[in-house]
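We use all heavy atoms of the structure for the numbers below, so side chains are in, but hydrogens, waters and symmetry mates are not. Each residue takes its place number in the sequence, starting with 1. First listed ligand is number 1; within each ligand, the first listed atom is number 1.
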Amino acid sequence: MKISILGATGSIGMQTLDVVRTCLPHAKIAALSGFSNIEKLSPLVEEFKPNMVWVPDDASASVIAGLTRNHPEILTGEDGLISIAAESDAEILVNALVGRAGLAPTLAAINAGKNIALANKETLVTAGELVMRLAREKKIKITPIDSEHSAIWQCLNGGTISEVEKIILTASGGPFLGWTRDKISAAKASDALKHPNWSMGAKITIDSATLMNKGLELIEAMWLFNQPMQSIEILVHPQSIIHSMVQFIDGSVMAQAGLPDMRLPILYALSAPSRIKTDFPRVNFLEKNNITFETPVIENFPCLSLAQHAAKIGGTLPAVMNYLNEWAVGQFLQDKIGFYQISDIISDAFGIYNVKPVISLNDITEAEDWAVNFIGGKKWQQ
Ligand code: NDP
Ligand code: MG
């Protein structure tokens, strides 16, 4: 198996390489990309010897070119990232990029006939209709890395899509579970970055704190499993042992369980339908014997209801939401805006944006341009 990994220096990227190292000894790495962490990328290039490497600019390219032992083809710039997704000799692309940067490479890889192991949920939130249509046309498999979607996918071995009554998408509740709205409103990025169960990149960790992550996952699940929004229930399950469930029309429920360890869904996305033996830690149900479920406190997490609204309306609205969320999370991470300004910005935009159907990529580009102008026209300082 030949694999290319976009976002190799990130949380999912590094764990994917760990999976390759420990569980897939015959896999070859065809291409790797980094972004700001070039010092993290260099040893990976030395270890895995990809034929192609992507870095953002010439300065980073010269660092990689200076590595003595390997001479990979080095690409730069946005076009380079698209080229590497399409032109490496990998059969499968692991998309572990964060944010909207993931969309264009995914489309390019599908067009080039590569299967996709998808961590980058923003791809499906922004352009799920286009991505899934293209994948069907090109007979491409998109296998989910997101733990909830991997769980749903595994539970679907217990029945067919037409026998699904509902999907139960579980959420940890994030670091602010049980906090009052007043306390949450004073939270800084450093508070929001303390996720109780998962160690992840900064953007998704903030999305988990606002519960936007669950909203993005709702839209991701709708596209991956061809389900209407009403068939997907969101339940908070603070222990993160049940990664999601599927209830079938006979009333039977399949649940997928495991420790919160992203290497499991990453490995399954690469090995399915086979299972590969690992020595990863196992769940001890006698220790994890307090498994609970509750409904999300929607008043404290307005990003979730905004995402549910975007999921219901569809068209270009999720792309606008995704763009504004990504921008606002970036501002929050720098302590430039407050926690609830993330949802305020999106809510204000929803109040004036005219949603359009998504016919082509151009509709997404126009929607994101609208979001850029919207941000430019406002003062969003605390
Ligand atoms: P990280 O921030 O840890 O990693 C992101 C990767 O993308 C890094 O390699 C980074 O490079 C690179 N990158 C960032 N911006 C750009 C850009 N503009 N162009 C090209 N490359 C870029 O994120 P995660 O690994 O946490 O998340 C990746 C995706 O997986 C997200 O969509 C997230 O929602 C999803 N996901 C993550 C989970 C997790 O456990 N982490 C769980 C489920 C889903 P560098 O580091 O060199 O700057
Ligand atoms: Mg998830």
Side-chain angles (χ1 to χ4, degrees), residues 4-19 31-45 53-57 60 63-64 75-82 84-85 94-106 116-126 144-153 169-174 193 195 197-208 210-221 224 234 237 240 242-244 256 258-266 269 322 325-327 329-330 333:
S4 55
I5 305 174
L6 301 188
T9 47
S11 162
I12 293 291
M14 294 295 279
Q15 291 182 84
T16 305
L17 287 165
D18 192 37
V19 162
L32 291 175
S33 84
F35 189 59
S36 58
N37 281 309
I38 300 307
E39 73 291 353
K40 234 168 155 181
L41 185 64
S42 301
L44 300 175
V45 172
V53 174
W54 183 87
V55 287
D57 49 36
S60 312
V63 175
I64 300 295
L75 292 92
T76 57
E78 269 181 47
D79 290 349
L81 193 59
I82 292 170
I84 208 171
V94 175
N95 185 339
L97 296 168
V98 62
R100 49 183 294 285
L103 174 60
T106 307
I116 312 284
L118 187 67
N120 180 264
K121 63 192 83 184
E122 294 91 345
T123 287
L124 290 178
V125 173
T126 304
I145 284 181
D146 212 346
S147 57
E148 295 78 0
H149 304 76
S150 177
I152 296 163
W153 181 41
L169 187 66
T170 54
S172 71
L193 285 169
H195 196 281
N197 303 343
W198 299 94
S199 163
M200 309 180 286
K203 194 246 173 194
I204 184 179
T205 307
I206 302 304
D207 285 344
S208 300
T210 61
L211 292 199
M212 175 57 91
N213 185 49
K214 217 40 60 180
L216 301 179
E217 291 184 354
L218 166 71
I219 300 172
E220 183 185 11
L224 279 174
I234 296 171
H237 162 50
S240 298
I242 306 286
H243 298 302
S244 277
Q256 190 266 338
L259 289 172
D261 180 345
M262 285 308 296
R263 292 176 304 171
L264 285 171
I266 292 169
N322 184 66
N325 180 60
E326 197 169 327
W327 180 81
V329 167
L333 277 167

Within the 2.8 Å cut-off the protein N, O or S neighbours of the Mg ion (ligand 2) are D146 OD1, E148 OE1, E217 OE2
P144 to W153 - nearest heavy-atom pair and separation
CD-CE3, 3.7 Å
Using modelled atom types only, decide if a donor and an acceptor are shared between the side chain of W54 and the backbone of E78 within a distance under 3.5 Å.
no
Within the distance-only criterion (no hydrogens, no angle test), does the side chain of N95 pair as donor or acceptor with the backbone N or O of A117 below 3.5 angstrom?
no
Could you give the N/O to N/O pairs under 3.5 Å linking ligand 1 and the protein, each with its distance?
from     : atom 1 : to   : atom 2 : distance (Å)
ligand 1 : 3 (O)  : S11  : N      : 2.8
ligand 1 : 9 (O)  : G7   : O      : 3.2
ligand 1 : 9 (O)  : T9   : N      : 3.4
ligand 1 : 9 (O)  : T9   : OG1    : 2.8
ligand 1 : 9 (O)  : G10  : N      : 3.1
ligand 1 : 11 (O) : T9   : OG1    : 3.2
ligand 1 : 11 (O) : F35  : N      : 3.4
ligand 1 : 25 (O) : S11  : N      : 3.2
ligand 1 : 25 (O) : I12  : N      : 2.9
ligand 1 : 26 (O) : G201 : N      : 2.8
ligand 1 : 30 (O) : A119 : O      : 3.4
ligand 1 : 32 (O) : E122 : OE1    : 2.7
ligand 1 : 41 (N) : S11  : OG     : 3.0
ligand 1 : 46 (O) : T9   : OG1    : 3.2
ligand 1 : 46 (O) : N37  : ND2    : 3.0
ligand 1 : 47 (O) : T9   : OG1    : 2.7
ligand 1 : 47 (O) : F35  : N      : 2.8
ligand 1 : 47 (O) : S36  : N      : 3.0
ligand 1 : 47 (O) : N37  : N      : 2.8
ligand 1 : 48 (O) : S36  : N      : 2.9
ligand 1 : 48 (O) : S36  : OG     : 2.5

Is the backbone of H149 close enough, under 3.5 Å, to the side chain of D146 for a donor and an acceptor to pair up by distance?
no
Do N197 and S240 meet the criterion of a side-chain donor-acceptor pair at a distance under 3.5 Å?
yes
Without swapping roles, check the side chain of S33 against the backbone of G7 for a donor-acceptor pair under 3.5 Å.
yes
Using only atom types and a distance under 3.5 Å, with no angle test, would you say the side chain of H243 pairs donor to acceptor with the backbone of G258?
yes
Nearest heavy-atom neighbours spanning T126 and N322:
OG1-ND2, 3.2 Å
Taking the basic N atoms (NZ, or NE/NH1/NH2) and the acidic carboxylate oxygens, is any pair closer than 4.0 Å for E217 and K121?
yes
